[in-house]
**Student:** 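Would you mind keeping the following structure in view while I ask a few things?
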Number of protein chains: 2
Amino acid sequence: MDSGAVILDLNQLRRSCASCALHELCLPAGIYGDDLRQLDAAIRDKRTLERGATLYRDGDAFRALYVVRSGSLKTFLQNEAGDLQILAFHLPGEILGFDALASNQHVSQAEALEHSSICELPYARLMQVSNEVPALHRQLMRVISREMVAEHRHLVMMGRQPAQERLAIFLQNLVDRYAHLSRDDISLTLSMSRYDIANYLGLVVETVSRLFTRMQETGVLEVNRKSVRILRPDLLAELCSTQHPVPMKRHDHD
Amino acid sequence: MDSGAVILDLNQLRRSCASCALHELCLPAGIYGDDLRQLDAAIRDKRTLERGATLYRDGDAFRALYVVRSGSLKTFLQNEAGDLQILAFHLPGEILGFDALASNQHVSQAEALEHSSICELPYARLMQVSNEVPALHRQLMRVISREMVAEHRHLVMMGRQPAQERLAIFLQNLVDRYAHLSRDDISLTLSMSRYDIANYLGLVVETVSRLFTRMQETGVLEVNRKSVRILRPDLLAELCSTQHPVPMKRHDHD
DNA sequence: CGCTTCGTTGAACAGCTTCAAACCTTGTGG
DNA sequence: CCACAAGGTTTGAAGCTGTTCAACGAAGCG
């Protein structure tokens with residue numbers, strides 16, 4: 001629909017799943033041989049997105065699932081009133097678009113946070129292949145389930161955690177997810193703005209900014225705009241769980 | 001594993017999907033003839049749960065998905081520290097257990113809110129059938145997706161909405177979901193406690209109680225313990241969306 | 001270099017929570 | 001049948017965390 005860069009990149013991007021660095025982290029995990037070749041054939045030409053570009057928006061017809069190959073995206077919901085909630089940030093190897101399976105149209109919006117490349121998985125073909133390759137079917141369900149579990153964690157954070165814990169959990173989560181993508185597990189480059197982080201955590205920018213400052217003052221991390229270095233992973237881990245001054249009311253039913 | 005009542009109920013419970021009142025709302029929606037018979041054969045003897053009984057808990061091996069046939073359940077996450085977040089309430093026709101697909105064990109807990117009956121769908125057999133019945137496969141994915149979309153709404157509520165809006169949305173949602181289960185669309189019987197409601201909404205009991213009182217005072221509804229009558233559906237609908245005194249900070253990237 | 005957007009900091013404010021206590025309901029046993 | 005206990009629900013007052021409002025500094029972009 002836009003961006004002439006797509007054509008230029010096609011040659012480098014056109015690579016099979018088998019040779020992709022993300023192979024074991026992505027949809028093909030656990031799929032080999034002929035099955036993998038079949039899956040590979042179902043994957044459409046890769047595309048690239050510039051920062052701020054939309055991959056799909058609310059109401060778009062559902063055609064495909066998408067895998068982040070490089071870069072990162074955010075998905076969010078926006079209501080009539082115009083306010084917006086970020087649902088997730090998506091890193092390489094992660095799959096987007098599952099929200100559209102229910103109604104055959106997307107009910108959220110996906111936007112690149114930086115220059116990113118994407119593998120497109122046309123759903124019709126994916127279904128064909130997965131009819132012949134049970135392993136793919138199972139893998140698809142697993143991936144959706146994983147997505148749900150991640151959302152549960154998000155929900156717990158929103159429901160029960162104070163602001164500092166939220167940011168700590170967010171950072172810890174990013175560290176964990178980047179851990180198997182890069183060798184450096186204490187340095188992060190945040191591709192999203194403070195507004196995005198705040199929104200994702202159910203806070204306002206000011207609060208997030210103050211928390212970064214405080215965490216820097218307490219020596220947990222070093223922050224400079226987009227770049228964050230975790231100086232004390234142990235302290236960060238501690239911050240992730242609220243230390244209850246008073247035990248919570250319980251809900252036992254035996 | 002327990003409860004002698006199970007055996008007694010088997011005869012009434014042993015009914016095929018084809019004759020079930022929930023047919024079109026449940027997993028078999030859109031599946032007919034031979035396909036339906038195959039699915040039906042994969043569904044295990046139904047079971048009943050008493051109020052407070054656990055269907056599965058965190059760490060349990062994943063064996064089956066479950067459909068609520070009657071009654072209602074809550075699913076929740078509980079961390080080491082002991083605090084708990086309710087993820088969802090499940091009404092008749094809704095499916096539970098998808099969280100376990102990723103890791104082959106449940107990562108949440110499901111508990112009956114009242115006397116409930118459940119259809120058990122052993123996953124291995126479900127997968128066999130869905131390999132032969134592509135429609136079932138698609139339907140399964142749709143149902144998971146629907147679940148995800150519902151969770152997104154929950155997330156938005158937690159992230160952006162003030163307390164009164166949360167309760168209003170919660171009630172409106174229950175009304176909507178009960179609407180196709182019963183003819184009466186203004187009366188609700190809340191099977192969950194105020195604690196559960198508060199927890200689900202990310203609030204404390206006191207706040208929820210005050211909100212019920214306020215909504216009653218403003219004539220939106222009439223509440224008496226578990227029973228709620230919506231007197232002014234129009235007002236309830238209005239309460240669901242925050243009327244911004246000041247437009248929010250936007251996130252345009254255009 | 002000026003403009004705009006993003007990020008940080010400070011002070012006042014507000015909404016929800018915490019703490020406390022009373023009331024109501026339900027179930028139990030005398 | 002009633003007294004009592006235990007948990008669920010409601011109400012009030014005080015307190016705190018995060019928000020709002022405001023202003024400034026820093027970075028990216030024409």
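Just so you know, these numbers come straight off a predicted model, no measurement behind them. A note on names: the letters A, B, ... follow the listed sequences, proteins ahead of strands, and every chain is numbered from 1.
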**Student:** Out of dG18(D), dT20(D), dG7(C), which nucleotide sits closest to the side chain of R210(A)?
**Tutor:** dT20(D)
**Student:** Applying salt bridge (Lys or Arg N to Asp or Glu O under 4.0 Å), can you list everything that pairs with E114(B), at least two apart in sequence or on another chain?
**Tutor:**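 For E114(B), no residue satisfies salt bridge (Lys or Arg N to Asp or Glu O under 4.0 Å) once neighbours in sequence are set aside.
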**Student:** Would you kindly give the CD-to-P distance between E114(A) and dG28(D), to the nearest whole Å?
**Tutor:** 15 Å
**Student:** So that I know where these two stand, are H90(B) and Y66(B) an aromatic pair - ring centroids less than 6.0 Å apart?
**Tutor:**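 They do not qualify: ring centres at least 6.0 Å apart.
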**Student:** Between atom CG in L113(A) and atom P in dC6(C), what is the gap in whole Å?
**Tutor:**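 L113(A) atom CG is separated from dC6(C) atom P by 13 Å.
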**Student:** Provide, to the nearest angstrom, the distance between the CG atom belonging to L203(B) and the C1' atom belonging to dT18(C).
**Tutor:** 14 Å
**Student:** Separation of E217(A) atom CD from dT8(C) atom P, in whole Å?
**Tutor:**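 So the two atoms are 12 Å apart, to the nearest Å.
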**Student:** Can you check whether any acceptor in the base of dC16(C) is under 3.5 Å from a donor in the side chain of Q164(B), or vice versa?
**Tutor:** no
**Student:** Give a yes/no on whether any side-chain N or O of R225(A) is located under 4.0 angstrom from OP1 or OP2 of dC6(C).
**Tutor:**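 The answer is no; no side-chain N or O of R225(A) sits under 4.0 Å from OP1 or OP2.
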**Student:** Indicate whether the side chain of S72(B) and that of S191(B) have a donor and an acceptor atom separated by less than 3.5 Å.
**Tutor:** yes
**Student:** At less than 4.0 Å, is any side-chain N or O atom of S193(A) found next to OP1 or OP2 of dT5(C)? Yes or no.
**Tutor:**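 For dT5(C), OP1/OP2 do not have a side-chain N/O of S193(A) under 4.0 Å.
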**Student:** Please give, in whole Å, the distance from dT10(D) P to L167(B) CG?
**Tutor:**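 Checked: the CG to P distance equals 11 Å.
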**Student:** Name the closest nucleotide to the E206(A) side chain, picking from dT9(D), dA22(D), dG7(C).
**Tutor:**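 Closest of the options to the side chain of E206(A): dA22(D).
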**Student:** Is it the case that S117(A) and T48(A) place a side-chain donor and acceptor less than 3.5 Å from each other?
**Tutor:** no
**Student:** Out of dT18(C), dT9(C), dT20(D), which has the shortest distance to the side chain of T213(A)?
**Tutor:** dT9(C)
**Student:** Could you state the CZ-C1' distance from R51(B) to dG8(D), rounded to the nearest angstrom?
**Tutor:**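 Taking CZ of R51(B) and C1' of dG8(D), I get 10 Å after rounding.
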**Student:** Does the structure place the NZ or CZ of R166(A) under 6.0 Å from the centre of the six-membered ring of Y200(A), at an angle of no more than 45° from the ring's axis?
**Tutor:**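 The answer is no; the distance or angle limit is not met.
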**Student:** Whole angstrom is fine here: how far is it from CG in D196(B) over to P in dT9(D)?
**Tutor:** 9 Å
**Student:** For the side chain of R194(B), counting heavy atoms from C-beta on, which of dT19(D), dT10(D), dC21(D) is nearest?
**Tutor:**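 Closest nucleotide among those given: dT10(D).
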**Student:** Can you check whether T207(B) has a side-chain N or O nearer than 4.0 Å to OP1 or OP2 of dT17(C)?
**Tutor:** yes
**Student:** Output yes when at least one side-chain N/O atom of K226(B) is less than 4.0 Å from OP1 or OP2 of dG8(D), else no.
**Tutor:** no
**Student:** On DNA chain D, nearest-nucleotide positions of A163(A) versus F212(B): which is more 5'?
**Tutor:**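 Looking at the nearest nucleotide for each, F212(B) comes out on the 5' side.
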**Student:** What is the distance, rounded to the nearest whole Å, between atom CZ of R214(B) and atom P of dG15(C)?
**Tutor:**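 Roughly 9 Å, once rounded to whole Å.
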